Asker: 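I have a structure here, written as C-alpha cells, and I will follow up with some questions on it.
Values reported hereafter were calculated over all heavy atoms of this structure, with side chains retained and with hydrogens, waters and symmetry mates removed. Just so you know, these numbers come straight off a predicted model, no measurement behind them.
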Amino acid sequence: MAMANARERAVDSLMEINEKGRLLSEALEKEYNRLKPLKGEDRALYTRLLEGTLQEMVYIDYCIEQVSSLKIKRMKPYIRNVLRVSSYQLLFMDRVPGYAAVNEAVKLVKRRGMAGLCSFVNGVLRTISDEDFNVTLPDAASDPVGFLSVTYSMPRWIVRMWNDYMGFAVCENMLKSISASDAPVYLWTNERKIKPDKLFEALKKAGVKVEKSKDFPGAMYASNLGDIRKLEAYQKGYFYIQNKSCGIAVRDALEVAGAYLYNSEKPMKMLDVCAAPGGKSLYAANLLGERVRIEARDITERKKQKLDENIARMGYGKIINTSLKDALVLNEDDIGKYDLVFVDAPCSGLGVTGRKPDIRHRVSPDDIEFLAGTQKDMLSVCSKYTVPGGYLVYSTCTVNHFENSDNAKWAAENLDLELLAEREIVPDMSDSGMDGFYYAIFRRNI
C-alpha cells in the first residue's frame, strides 16, 4: 500500500508541475512538509519516480505515442501523467513486476472516477511492458535533431538550438552529460571552520561518497548525501554547495581584477545583486576573508531568508550583509559605490537541466527572448553601481548565445563597460560535476 501511495503522490506532483506550472523544487518541498510525509524507501521511490519521469519525459511520451492511437496532448491530464509515471517504472526500473505497475495504474485511474478509461490505460501500459516492445528511434542521418531529442529526452526545440549553435558532436556530448543520473554534488570547504582533509574524513564517516577535486583545493565531489540537512557537517557550516562552473567564474573574476582589488588598503566592496542562495558571495568571502565586504541582495523575502540562513550557518555574518532589493530598479545611493559587481542574472537555466529536469519542460523560445531583454535592463542598472575602473561580472547558468555572448557584446557596445574576458562552459561527460554556465568580465571605463 505504501508503494502505491508513493506512486500516487508522484502522479499528483507531476500534475502540479506539468499542468499548473509548479516548480519541481516546490513540489518536492510540499511533499516533504506534508502532515503525513512519506518516509524511508517510500520517500526515495516517490522522489525517483517524479524526478526520473521529468528527466525522461520526452522519451516516455515518444514511447507512449508509438502504441497509442491518441496523442499525448489530446489525453486527459491525469491520464497522460499516470501513463508517464507508470511508463517510467516499466522502462527504467525493475523493482516492481510489470503486471503490478500496470494494475496499480489502472487502480489509480478508477479511484479518480475515470473507470471508462481503464481499458485504454491498461492496453497502453501492457504493450510497453511486453518484453518484445521495441522503440524505433528517429534516424540519426536524416533527422539528427529528432534522434538526439528522443535518445536523450530533451525537447526538440532546445536540441535544434544547441545543434545549430555548437554542432552535432558537441551537442550530443552535452546531452549525454545532462542525462547522466549519477552526477555528484560539488562541495566547497568552509576553511574558516575546518580543514579540507578533516571535512573529507568526516563526510566519509557519515557515509557520504567523496572524491577530492583536482582543480580547486578544498573542493570535492560528493554523492550518496541523503537528506543533506541532517549531516552534522552541514549543520555546523563546514561546507556549502556550489557548482564547479560557478566557482570558476568567481575565481577568474578575482584573478582578472586582482591587481586592482588587492592593492587597496581598505576592504574591497562587492555587490551580489541576485545572490540567493549565496554560493558566489560565500566563495568570495572564503577566498578573500577580511579583505572584502559583501552586500548580497535578492528580490523576495524567501530568497533573502535562504541567504541569511546560509550565511549564518557558515559564520560569515561580519563579512556579508543581506538586503531585499530589485536589481532592475536603480538605487541612487549605490551609484559608483562598488569595486566588484556580480550580476548572476535570471535566465532560462538550461545549463542546469540535468539537476532540475523540470526546466526543459517549462522554458520556451519566447521565454529566452524575454529573459535576454530583462538581462540587458539589469546590466544597464547594475553597471552604474561599479566604481570607475572597477569590475562587473555578468553570468548565467544557461547555454545559448541569446542570453550569453549576444548580451555581453551588447553591453560592451551600449554601456560604459569594456569586455575583458568571457567563457561559456557546457556540461561535459569528462567532468560530471560541471553544469552549463557563462560569464563575462567587464571593467567600467574611467
Asker: Establish, for the pair R313 and Y234, whether the NZ or CZ atom is under 6.0 angstrom from the six-membered ring centre and no further than 45 degrees off its axis.
Answerer: yes
Asker: For residues Q89 and L49, report the shortest heavy-atom separation together with the two atoms involved.
Answerer: CG-CD2, 3.3 Å
Asker: Could you tell me whether the side chains of T53 and R84 share a donor-acceptor contact shorter than 3.5 Å?
Answerer: no
Asker: Could you check whether any side-chain N or O of R360 sits under 3.5 Å from a backbone N or O of Q55, counting only pairs where one atom can act as donor and the other as acceptor?
Answerer: yes
Asker: Report yes if the side chains of E403 and S348 come closer than 4.5 Å at any heavy-atom pair, otherwise no.
Answerer: yes
Asker: How far apart are the C-alpha atoms of E29 and R302, what are their side-chain angles, what is the distance that settles it, and do they pass the salt bridge (charged side-chain N to carboxylate O under 4.0 Å, His left out) test?
Answerer: CA-CA 14 Å; E29 185 176 0; R302 183 178 180 181; 2.5 Å; yes
Asker: I want to check something: taking the side chain as every heavy atom from C-beta on, are L203 and Y238 in contact at a cut-off of under 4.5 Å?
Answerer: no
Asker: Distance-only, no hydrogens or angles: does the Q235 side chain make a donor-acceptor pair with backbone N or O of R229 under 3.5 Å?
Answerer: yes
Asker: Are the side chain of S179 and the backbone N or O of L175 linked by a donor-acceptor pair below 3.5 Å?
Answerer: yes
Asker: Can a side-chain donor-acceptor contact be found between Y152 and E172 if the only test is distance below 3.5 angstrom?
Answerer: yes
Asker: Any chance CZ of F370 has more than 12 other-residue heavy atoms, nucleotides or ligands included, within less than 6.0 Å?
Answerer: no
Asker: Does the ring of F216 carry K244 above it, NZ/CZ under 6.0 angstrom from centre and within 45° of its axis?
Answerer: no
Asker: Can a salt bridge be assigned to the pair R22 and D358 using a cut-off of 4.0 Å between side-chain N and carboxylate O?
Answerer: no
Asker: Does E65 have more than 12 heavy atoms from other residues, nucleotides or ligands lying within 6.0 Å of its CD?
Answerer: yes
Asker: State, without any angle test, whether D252 and Y439 hold a side-chain donor-acceptor pair at a distance under 3.5 Å.
Answerer: yes
Asker: Flag the pair R112 and E8 as a salt bridge only when some basic side-chain nitrogen lies within less than 4.0 angstrom of an acidic carboxylate oxygen.
Answerer: yes
Asker: Hey, could you give me the CZ/CG distance between R7 and D42, rounded to the nearest 0.5 Å?
Answerer: 11.0 Å
Asker: Mind checking whether V121 and L108 have side chains closer than 4.5 Å, heavy atoms only?
Answerer: no
Asker: Are the side chain of D298 and the backbone of A275 linked by a donor-acceptor contact shorter than 3.5 Å?
Answerer: yes
Asker: Check for a donor-acceptor pair, side chain of T322 on one end and backbone N or O of A296 on the other, with a separation under 3.5 Å.
Answerer: no
Asker: How about E26: does its CD atom have over 12 heavy atoms from other parts shown lying under 6.0 Å from it?
Answerer: yes
Asker: Side chains of R160 and N163 only: does a donor on one sit below 3.5 Å from an acceptor on the other?
Answerer: no
Asker: Say whether, by atom type as modelled, one donor and one acceptor occur between the side chain of K193 and the main chain of K236 under 3.5 angstrom.
Answerer: yes
Asker: Given side chain to side chain donor-acceptor pair (under 3.5 Å), test Y385 with E295 step by step and report yes or no.
Answerer: CA-CA 12 Å; Y385 299 152; E295 176 78 11; over 6 Å; no
Asker: Are S13 and Y46 linked by a side-chain donor-acceptor pair shorter than 3.5 Å?
Answerer: yes
Asker: Identify the residue among Q375, E424, R423, E422 that makes a side-chain hydrogen bond (donor to acceptor under 3.5 Å, both in side chains) with N404.
Answerer: E424
Asker: N286 and Y316: side chain to side chain donor-acceptor pair (under 3.5 Å), yes or no, with the steps?
Answerer: CA-CA 9 Å; N286 203 3; Y316 282 97; 3.2 Å; yes
Asker: Salt bridge check: are D143 and R156 linked by an N-O gap of less than 4.0 Å?
Answerer: yes
Asker: Hydrogens and angles aside, do D367 and S364 bring a side-chain donor and acceptor to less than 3.5 Å of each other?
Answerer: yes
Asker: I'd like to know if the side chain of S149 reaches the main chain of V145, judged simply by a donor and an acceptor atom lying under 3.5 Å from each other, with no hydrogens or angles considered.
Answerer: no
Asker: Other residues, nucleotides and ligands only: do more than 12 of their heavy atoms fall within 6.0 Å of OH on Y99?
Answerer: no
Asker: Looking only at atom types and distance, does a side-chain atom of N224 sit under 3.5 Å from a main-chain N or O of G207, one as donor and one as acceptor?
Answerer: yes
Asker: What orientation do W188 and Y186 show, parallel under 30°, tilted 30 to 60°, or perpendicular over 60°?
Answerer: perpendicular
Asker: Considering only NZ, NE, NH1 and NH2 on the basic side and carboxylate oxygens on the acidic side, decide whether E201 and K198 come within less than 4.0 Å.
Answerer: no
Asker: Verify salt bridge (charged side-chain N to carboxylate O under 4.0 Å, His left out) between E19 and R80, making sure each step is shown before the conclusion.
Answerer: CA-CA 11 Å; E19 314 302 333; R80 61 172 167 253; 3.0 Å; yes
Asker: Check the pair D272, I320 against side-chain contact (heavy atoms from CB on, under 4.5 Å), reporting the backbone distance first and the verdict last.
Answerer: CA-CA 10 Å; D272 189 358; I320 307 173; over 6 Å; no
Asker: Is the side chain of Y62 donor-acceptor paired with the backbone N or O of T136 at a distance under 3.5 Å, no angle test?
Answerer: yes
Asker: Does E301 pair with K304 as a salt bridge, N-O distance under 4.0 Å?
Answerer: no
Asker: If we ignore hydrogens and angles and just use 3.5 Å, is the side chain of T189 paired with the main-chain N or O of P196 as donor and acceptor?
Answerer: no
Asker: Output all residues satisfying side-chain hydrogen bond (donor to acceptor under 3.5 Å, both in side chains) with Q305, sequence neighbours left out; order by chain, then residue number.
Answerer: E309
